[in-house]
Amino acid sequence: MENTIRIHNTLSGKKELLIPIEPGHVKIYVCGITSYDYCHIGHARSTLVFDMVVKYLRHRGYNVTFVRNFTDIDDKIIARAAEQHTTPHELAERFIKEFYTDMDGLGADRPTFEPRATENVQEMIQLIAELVEQGKAYPAGGDVYYAVESFSGYGKLSGRNLEDMRAGARIAVNEQKKNPLDFVLWKQTKPGEPSWESPWGPGRPGWHIECSAMSRKYLGETFDIHGGGQDLIFPHHENEIAQSEGANHKPFANMWIHHGFVTIKDEKMSKSLGNFLTIRDVREHYDPEVLRFFVFSTQYRNPLDFSETALKEASSGLERLYHTAADCDALASRPVSKTGKSAINDKVWQRMKTLENRFLEAMDNDFNTAQAQGIFFDTSKSLGKALRSLPETPLASDVQKIGDCMDKMRKLATVMGLLQEDPAIWLKARESERAAGIKISKEEIETKIKERLAARIAKDWAKSDEIRDHLLHLGIVLKDNANSTTWSPK
RNA sequence: GGCGACGUGGCCAAGUGGUUAAGGCAACGGUCUGCAAAACCGUUAUUCAUCGGUUCGACUCCGAUCGUCGCCUCCA
């Protein structure tokens, strides 16, 4: 197959053509969550971005092996478990379950493999032993550290060098380390903590080693893509490279994909700043597709500023696409004529025909979902024009053209998890959401509408408008149709 | 302090050496309507933070300046 996808590789700082090691098969590893709390929308972005990447690669015909780990043992988990009078294992498992509830609810596919750190400790011990043997790591007082100076490529991912880092080091000096930047591979056990036997005594793995060990186990020593949030570039991914390449003497990941943060008021959303919203906070008020639409409204490397306004805009935008879908669906029941001249303008038809190519071009260019969404809107507009130009009894082939184009758009939108619902049902659901804040009963509204209808029949426009304004004040918008009046929340 | 990213219309956001600078939201105008709403259609940046430079030509490349954010400590 032909490789056409270009990806921004953090390692080179450039867009590069994705050329899988094994033709047609992409192997990708993504750093998952540390499981000790509910996921926030930054985690949602991460999951959705890589879900989109994998879906697109598959859409393009690649076989994809996708590995994403769970960090289920670490300082924060141990501390939180102690606070909650439970075990680290129980706590981690509980929040893995919650992770699934959230991410399944957002429509993310499960990865091929989802290894947990605690299930791969032997593989980590093996890798550490190899590093010790090769003089790249050293035991000290029950811990084992990686000697950063032993790896000449240290800093190549994050664009740093050891001297600069040393000068600006904010790391507390640890007497046991040969270099303050050396990082721990194995931590000596402390009383009451989970521990595993090892050649260096009982203890538990450091954070970075799990990804090196698990990626090697599931994907091999060299694989195609490694991904994660921008905050993982240093030190986490830098250290993974040091560990893996230090032990294997082979390139680790060929390409590195790092997505931007979700921000609030232009500040990074994070646990330590306390400015985070959980996925379920957001799900209380917004449909999962709205959240997906929002996430994909900007290219994955840019920051994404979260706000109520931004979500509302996303909702309005997606609604527009669903309206088009509903209009196209309604066309299917219209009587058609078999012969005649196409009513669809040639330029409009050209736009409809080129939808797929334009979409693929945008997505091939470093997964430019923002541009892809623009193409959906452009197509939506073309479909609107086509629909409007149809006569009472449209030509069967015109109906076919419009239906096919809409089907194609739906199929392409699957990559972003959009337009997957029945339009009529989806649009109705948005209306019900808006109805949540209304302070007047349905019966009262119906009564008012009947009153107004009487006024309208009597052509008492003043009274008719007064009733309408009154309801509008209460958040009810009236829509007069040919022979009925419907209402919907504002 | 070191390293990195970014600065495009009221807001969000594509484009990234060369015909008219995508698209969304909002606003405004039109169709429709008793008037509206909804929907649909249309309009809205001689200009891309600022100042220099390279070039026949730059929003796009280079340099400087200003501003915003991030990493350097756990973090998606």
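The sequence lines fix the lettering, A, B, ..., with proteins before strands; numbering per chain opens at 1.
- At a threshold of 4.0 Å, the pair Arg68(A)-Asp51(A) does not count as salt-bridged, since none of the basic side-chain nitrogens sits closer than that to a carboxylate oxygen.
- Using cut-offs of 30° and 60° on the angle between ring planes, the pair Phe183(A) and Tyr154(A) is parallel.
- For Arg283(A) and Asp102(A), the salt-bridge test fails: no basic side-chain N is under 4.0 Å from an acidic carboxylate O.
- Judged by ring centres under 5.5 Å apart and planes tilted less than 30 degrees, Phe377(A) fails to stack against the six-membered base ring of G24(B).
- Aromatic ring centroids of Phe50(A) and Phe66(A) lie 6.0 Å or more apart.
- Of the residues in residues 416-424 of chain A, not one comes within less than 4.0 Å of RNA chain B through any heavy atom.
- Across A38(B) and G29(B), the matching P atoms stand 13 Å from one another, rounded to whole Å.
- The side chain of Asn161(A) contributes no N or O atom lying less than 4.0 Å from OP1 or OP2 of C3(B).
- A cation-pi contact, defined as under 6.0 Å to the ring centre and within 45° of the axis, is absent between Arg6(A) and Phe367(A).
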Which nucleotides of RNA chain B pair, in dot-bracket form (Watson-Crick or G-U under 3.5 Å, | meaning another strand): (((((((..(((.....[....))).(((((.......))))).....(((((..]....))))))))))))....
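- The phosphate of C69(B) has neither OP1 nor OP2 within less than 4.0 Å of any side-chain N or O from Lys265(A).
- The side chain of Arg320(A) contributes no N or O atom lying less than 4.0 Å from OP1 or OP2 of A39(B).
- No hydrogens or angles were tested; on distance alone, a donor-acceptor pair under 3.5 Å links the side chain of Asp465(A) to the base of G34(B).
- Using a 4.0 Å cut-off between charged side-chain N and carboxylate O, Asp378(A) and Lys381(A) make no salt bridge.
- Within residues 29-50 of chain A, the residues that place at least one heavy atom under 4.0 Å from RNA chain B are, in residue-number order, Gly32(A), His40(A), Gly42(A), His43(A), Ser46(A).
- Proximity of Asn302(A) to the phosphate of A14(B): a side-chain N or O atom is located under 4.0 Å from OP1 or OP2.
- Below 30°, between 30° and 60°, or above 60°: for His258(A) and His237(A) the angle between ring planes is between 30° and 60°, a tilted geometry.
- Residue-to-nucleotide contacts include a donor-acceptor pair under 3.5 Å from the side chain of Arg452(A) to the base of G34(B).
- Phosphate contact (OP1/OP2 of A14(B), side-chain N/O of Thr298(A), threshold under 4.0 Å): present.
- Between Arg351(A) and Pro303(A), the residue anchored closer to the 5' end of RNA chain B is Pro303(A), taking for each the nucleotide with the nearest heavy atom.
- Nucleic acid contact for Lys381(A): sugar-phosphate only, since backbone atoms but no base atoms lie under 4.0 Å from a heavy atom of the residue.
- Ring geometry, His226(A) versus Trp256(A): the interplanar angle falls under 30°, so the pair is classed parallel (tilted spans 30 to 60°).
- Using cut-offs of 30° and 60° for the angle between ring planes, the Phe293(A) and Phe377(A) rings count as perpendicular.
- Put simply, Lys271(A) has no side-chain N or O that comes within less than 4.0 Å of OP1 or OP2 on A76(B).
- Relative orientation of the Phe223(A) and Tyr29(A) rings is tilted, given thresholds of 30° and 60° on the angle between their planes.
- Distance Asp74(A) CG to U73(B) C1': 14 Å, rounded to the nearest Å.
- Trp426(A) and Tyr322(A) have parallel rings, their planes meeting at less than 30° on a 0 to 90° scale where 60° marks the start of perpendicular.
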